Amino acid sequence: MTPNFKNIILTAMLLMCSHLMNAQFLEASDTSESSVKRYKSIINANKDIVNFIEYSLAEKGLPKHLRNLALIESHFDSNITSGAGAVGIWQFMTAHANQYGLTQQNRTDIYKSTKTAAISLTKLYKKYNNWVTVVAAYNCGEGNIAKAMAAANSSQYHIFSKYLPTETINHVKKYLNACFATGELQSVLSNYNSSRMNTVFFVNGGSGKNNSQLAETDINAGFNINIIADELDVEVDKLLSWNPQITEELKQNGESTLYLPTDLMPDFLLRKTKILSRSIKEGSTTNTK
């Protein structure tokens with residue numbers, strides 16, 4: 001066996017081991033039957049609140065599994081206050097609430113706090129492009145995430161997390177446990193460690209491309225995501241980073257909101273008929289490369 005071939009095999013083995021370690025690191029730590037039952041019982045006992053949260057998340061194009069953030073934060077108890085002074089079902093600290101115009105008193109208001117949480121989570125996802133880091137940032141703040149990424153010289157949660165507070169690491173574990181219980185763990189991790197992770201930005205760094213204002217328009221299941229990307233000359237992964245739930249929504253609902261940077265939206269609208277025609281002619285509506 002030649003030295004070069006040995007190196008190729010060794011590199012492949014190391015990459016495989018690394019992938020397995022990453023997957024194990026982000027597994028739910030508690031998959032016991034009692035844990036699953038506990039999480040499900042809390043959700044079932046608060047169906048009205050859960051339905052409102054899921055509807056509010058969907059309005060912003062956010063996945064339903066983010067309802068589990070309120071689940072682990074407060075068990076959907078709007079009157080709960082933490083030892084650190086966080087209040088309500090979303091456990092807003094005063095500074096975090098004020099950042100989005102939510103008054104200190106309204107932190108216990110389910111309607112107003114949920115709308116504020118949806119705005120905050122949308123902003124965090126646009127910045128980090130993966131739900132694991134979003135949950136961590138929601139708990140400890142964007143400043144701590146930036147410091148941890150800088151210390152680790154990495155944007156990968158499983159690498160920089162050792163620089164985060166223990167409370168935040170445990171918070172992420174609880175979230176993964178809850179998503180395992182609701183059957184949504186794979187959805188949470190679907191874009192972790194993918195090429196989209198390369199577009200993570202620090203609080204005061206990066207090129208700023210992911211922070212551009214997004215415009216929106218409605219499309220139906222006749223549109224092919226690959227063809228939209230091709231006509232607009234953007235990578236499919238980039239298009240999906242702006243629209244993380246679009247494939248699922250088109251399949252389930254037959255329609256979805258398409259989000260694009262404001263400078264790309266005119267191009268899409270001008271080519272919309274051509275894109276639809278190509279999509280219908282070339283086949284499947286929602287498959288990606």
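Small disclaimer: the values here were computed from a predicted structure and weren't measured.
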Examine the side chains of S74 and W90 and answer whether a donor and an acceptor come within less than 3.5 Å of each other.
no

Report yes if the side chains of V132 and Y175 come closer than 4.5 Å at any heavy-atom pair, otherwise no.
no

Between Y163 and I159, is there shared hydrophobic-cluster membership here, with clusters defined by ILVMFWY side-chain heavy atoms closer than 4.5 Å?
no

Are I80 and V87 grouped together when hydrophobic residues (ILVMFWY) are joined by side-chain heavy atoms under 4.5 angstrom apart?
no

L176 CG to I72 CD1 distance, which is reported to the nearest 0.5 Å:
8.5 Å

Validation row: D230, R278 side chains within 4.5 angstrom (heavy atoms)
yes

Does the side chain of K64 reach to within under 4.5 Å of the side chain of I53, using non-hydrogen atoms?
no

Taking C-beta and beyond as the side chain, do T133 and M149 meet within less than 4.5 Å on heavy atoms?
yes

For the atom pair CD (Q99) and CE (M93), what is the distance rounded to the nearest 0.5 Å?
13.0 Å

Please determine whether residues L240 and L232 belong to a single hydrophobic cluster, defined as Ile, Leu, Val, Met, Phe, Trp and Tyr linked transitively by side-chain heavy-atom distances below 4.5 Å.
yes

Within the side chain of S82, is there an N or O that forms a donor-acceptor pair under 3.5 Å with the backbone of A86?
yes

Do you know the tightest heavy-atom contact between P63 and W131?
CD-CZ2, 3.3 Å

Closest non-hydrogen atom pair, E249 against S256:
OE1-OG, 2.6 Å

Side chains of F160 and I145: does their closest heavy-atom pair fall under 4.5 Å?
yes

What is the distance from atom CD1 of I228 to atom CG of L258, rounded to the nearest 0.5 Å?
5.5 Å

Can you list, pair by pair, the side-chain donor-acceptor contacts under 3.5 Å of residues 44-52, counting residues two or more places apart and other chains?
residue	atom	partner	partner atom	Å
N44	ND2	K40	O	3.2
N46	ND2	I42	O	2.7
N51	ND2	K47	O	3.3

Under the ring-ring contact (aromatic ring centres under 6.0 Å, His included) rule, collect the residues that match up with H96, sequence neighbours excluded.
F92, Y100, Y138

CG of N243 to CD1 of I225: how many Å apart, nearest 0.5 Å?
7.0 Å

Does any part of the side chain of L189, heavy atoms only, come nearer than 4.5 Å to the side chain of N130, both counted from C-beta?
no

Determine the minimum heavy-atom distance between V36 and T31, stating which atoms define it.
CG2-O, 4.3 Å

Apply side chain to side chain contact (heavy atoms under 4.5 Å, CB included) to the pair L260 and L239, showing each step before the final yes or no.
CA-CA 8 Å; L260 293 170; L239 182 62; 3.6 Å; yes

Taking S279 for the side chain and F223 for the main chain, is one N or O donor matched with an acceptor at less than 3.5 Å?
no

Tell me, please, which residues at least two apart from E54 pass salt bridge (Lys or Arg N to Asp or Glu O under 4.0 Å).
R67

Applying the 4.5 Å side-chain criterion to the ILVMFWY set and letting contacts propagate, would L121 and Y55 be lumped into a single cluster?
no

For a quick test of reading the model, state the closest non-hydrogen atom pair linking S41 to R38 and the distance between them.
OG-O, 2.7 Å

Taking every non-hydrogen atom, the tightest pair across T168 and C140
OG1-CB, 3.1 Å

To the nearest 0.5 Å, how far apart are CD1 in I43 and NE2 in H75?
10.5 Å

I want to check something: taking the side chain as every heavy atom from C-beta on, are H171 and V135 in contact at a cut-off of under 4.5 Å?
yes

Extract all donor-acceptor atom pairs below 3.5 Å that involve side chains of residues 264-275 and protein atoms in other chains or at least two apart in sequence.
residue	atom	partner	partner atom	Å
R271	NH1	E231	O	3.4
R271	NH1	E231	OE1	3.1
K272	NZ	D218	O	3.4

CD-CG distance between E282 and N224, expressed to the nearest 0.5 angstrom
7.5 Å

Quick one, N68 with T182, criterion side chain to side chain donor-acceptor pair (under 3.5 Å). Give me CA distance, side-chain angles, the key distance, then yes/no.
CA-CA 9 Å; N68 291 338; T182 56; 3.1 Å; yes

Modelled atom types, side-chain donor and acceptor of S154 and Q156, under 3.5 Å
no

How would you list, by chain and number, every residue that makes a salt bridge (Lys or Arg N to Asp or Glu O under 4.0 Å) with K37, sequence neighbours excluded?
E33

Can you spot which of L250, N253, L276 makes a side chain to side chain contact (heavy atoms under 4.5 Å, CB included) with N220?
L276

Residue pair C179 / H65, side-chain heavy-atom distance below 4.5 Å
yes

Are I110 and L69 linked, directly or through intermediate hydrophobic residues, by side-chain heavy-atom contacts shorter than 4.5 Å (ILVMFWY only)?
yes

Minimum-distance pair of heavy atoms, taken over all atoms of Y157 and A136:
CE1-CB, 4.0 Å

Contacts satisfying salt bridge (charged side-chain N to carboxylate O under 4.0 Å, His left out) that involve residues 115-124 (not counting sequence neighbours) are E59-K115, K123-E142

